[in-house]
Amino acid sequence: MNPKIKKRLRIIAILTTLIWMIVIFRFSMDTGTSSHELSDLCVQIFNKAVYSFTGKDLRISITPEHYAMVELFFRKLAHMGIYFILSINVMVVLFTFNMKMISRIFISVFFCFIYACTDEFHQMFVDGRGASFFDCLIDTTGAILGIVAALILYCILYTIMTKYQKNHGLIKGAYETQ
């Protein structure tokens with residue numbers, strides 16, 4: 001890759017990663033009440049979708065305990081989702097450096113895990129929130145899924161780029177004779 005393009009991509013990737021880290025921090029600043037309201041809004045939207053497809057209202061069809069479990073599921077899914085995106089951003093930054101893929105994976109998982117731990121630590125100081133190591137593990141699971149997605153996208157883009165370069169005579173295949 002052209003060094004100038006690589007440098008620009010690195011700067012953009014670092015900026016998007018920092019912006020996403022700020023987004024995570026801002027979500028962590030929400031009080032327990034506002035965080036619960038946001039989760040409840042997501043569950044209400046899900047309930048409307050279920051109602052439109054099945055004609056059943058979850059608030060009536062299931063017990064309050066099960067409804068609370070649905071809300072908990074959405075809260076944990078949100079945890080996974082935000083760290084899924086963070087890990088993709090971190091992987092894009094790491095793709096701009098010459099290093100082994102296993103090093104990229106390890107650094108990304110470690111970075112996301114440490115950031116999840118600091119995020120949970122920060123939540124200890126927010127009204128109505130608390131720290132949970134289980135949430136760190138959920139965040140890290142989302143990050144690992146994001147890394148897998150980044151690797152799949154990398155393989156697809158690398159294959160497309162290599163085929164393009166071969167078709168335009170920019171590179172020769174490993175088995176082609178000169």
Side-chain angles (χ1 to χ4, degrees), residues 1-30 32 35 38-39 42 72-126 129-178:
M1 182 184 285
N2 182 331
K4 286 184 179 181
I5 293 173
K6 191 181 249 190
K7 185 177 181 179
R8 288 180 187 148
L9 177 61
R10 184 178 296 150
I11 290 168
I12 292 168
I14 289 170
L15 287 174
T16 58
T17 302
L18 290 173
I19 289 168
W20 195 249
M21 290 170 71
I22 291 168
V23 167
I24 293 171
F25 184 79
R26 295 289 296 162
F27 274 122
S28 294
M29 289 175 55
D30 287 347
S35 178
L38 182 60
S39 297
C42 293
L72 179 67
F73 172 77
F74 274 95
R75 290 177 73 82
K76 301 311 172 190
L77 192 61
H79 273 265
M80 289 179 74
I82 59 177
Y83 280 87
F84 179 93
I85 295 169
L86 178 63
S87 68
I88 290 174
N89 282 319
V90 172
M91 285 297 285
V92 171
V93 170
L94 295 175
F95 284 141
T96 66
F97 291 96
N98 294 329
M99 61 176 59
K100 293 184 180 198
M101 193 61 75
I102 194 71
S103 298
R104 290 179 181 132
I105 293 167
F106 177 77
I107 290 168
S108 186
V109 170
F110 184 72
F111 179 85
C112 291
F113 174 74
I114 294 299
Y115 192 71
C117 290
T118 61
D119 183 47
E120 290 300 316
F121 179 74
H122 166 247
Q123 287 182 25
M124 289 188 340
F125 304 102
V126 177
R129 303 286 294 268
S132 166
F133 186 71
F134 183 69
D135 282 350
C136 290
L137 297 177
I138 290 172
D139 298 340
T140 305
T141 302
I144 291 169
L145 293 174
I147 290 166
V148 169
L151 292 172
I152 290 169
L153 288 172
Y154 176 83
C155 289
I156 291 168
L157 293 173
Y158 182 81
T159 302
I160 291 169
M161 185 177 72
T162 303
K163 283 185 179 183
Y164 175 84
Q165 289 174 342
K166 282 181 186 177
N167 291 339
H168 288 83
L170 300 171
I171 60 170
K172 290 192 182 261
Y175 300 106
E176 293 179 27
T177 56
Q178 300 200 4

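Along the sequence shown, residues carry numbers from 1.
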Decide yes or no for V109 and T140: does some side-chain heavy atom of the first lie under 4.5 Å from some side-chain heavy atom of the second?
-> yes
Cationic tip of R104 within the cone over F97's six-membered ring, i.e. under 6.0 Å and within 45° of the normal?
-> no
Under 4.5 Å between any side-chain heavy atoms of M29 and F125, yes or no?
-> no
What are the two closest heavy atoms between C136 and C117, and how far apart are they?
-> SG-CA, 3.5 Å
Result of checking L86, D139, V90 against Y115 for side chain to side chain contact (heavy atoms under 4.5 Å, CB included) | L86
Considering all heavy atoms, the nearest R75-S35 contact | NH2-OG, 3.1 Å
Distance (rounded to the nearest 0.5 Å) between L94 CG and I105 CD1 = 10.5 Å
About how many Å separate OG1 of T118 and CZ of F25, when rounded to the nearest 0.5 Å?
-> 9.0 Å
SG (C112) and CD1 (I24) are apart, to the nearest 0.5 Å, by 7.5 Å
What closest approach, in Å, do A13 and V92 show between heavy atoms, and which atom pair accounts for it?
-> CB-CG1, 3.6 Å
For a side chain to side chain contact (heavy atoms under 4.5 Å, CB included) with T96, tell me which candidate from L9, I14, I12 qualifies.
-> L9
So, do K76 and T141 sit near enough that their side-chain heavy atoms are less than 4.5 Å apart?
-> no
Look at the side chain of T162 and the backbone N and O of T159, then say whether any donor-acceptor pair between them is shorter than 3.5 Å.
-> no
Could you tell me the separation between the NE2 atom of H79 and the CG atom of L77, rounded to the nearest 0.5 Å?
-> 10.5 Å
Atom CH2 in W20, atom CD1 in I82: separation rounded to 0.5 Å?
-> 7.5 Å
R129 vs S28, side-chain hydrogen bond (donor to acceptor under 3.5 Å, both in side chains): CA-CA, chis, key distance, verdict | CA-CA 9 Å; R129 303 286 294 268; S28 294; 5.1 Å; no
Interatomic distance, CD1@I107 vs CD1@I102, rounded to 0.5 Å, equals 10.5 Å
Quick one: are M21 and L18 in side-chain contact, heavy atoms under 4.5 Å?
-> yes
Intermediate values then yes/no, side-chain contact (heavy atoms from CB on, under 4.5 Å), F95 and M101 | CA-CA 9 Å; F95 284 141; M101 193 61 75; 3.7 Å; yes
Classify the angle between the aromatic ring planes of H168 and Y164 as parallel (below 30°), tilted (30 to 60°) or perpendicular (above 60°).
-> tilted
For A116 and Y83, the nearest pair of non-hydrogen atoms, with its separation, is CA-OH, 3.4 Å
Answer yes or no: is there a side-chain heavy-atom contact under 4.5 Å between M91 and L153?
-> no
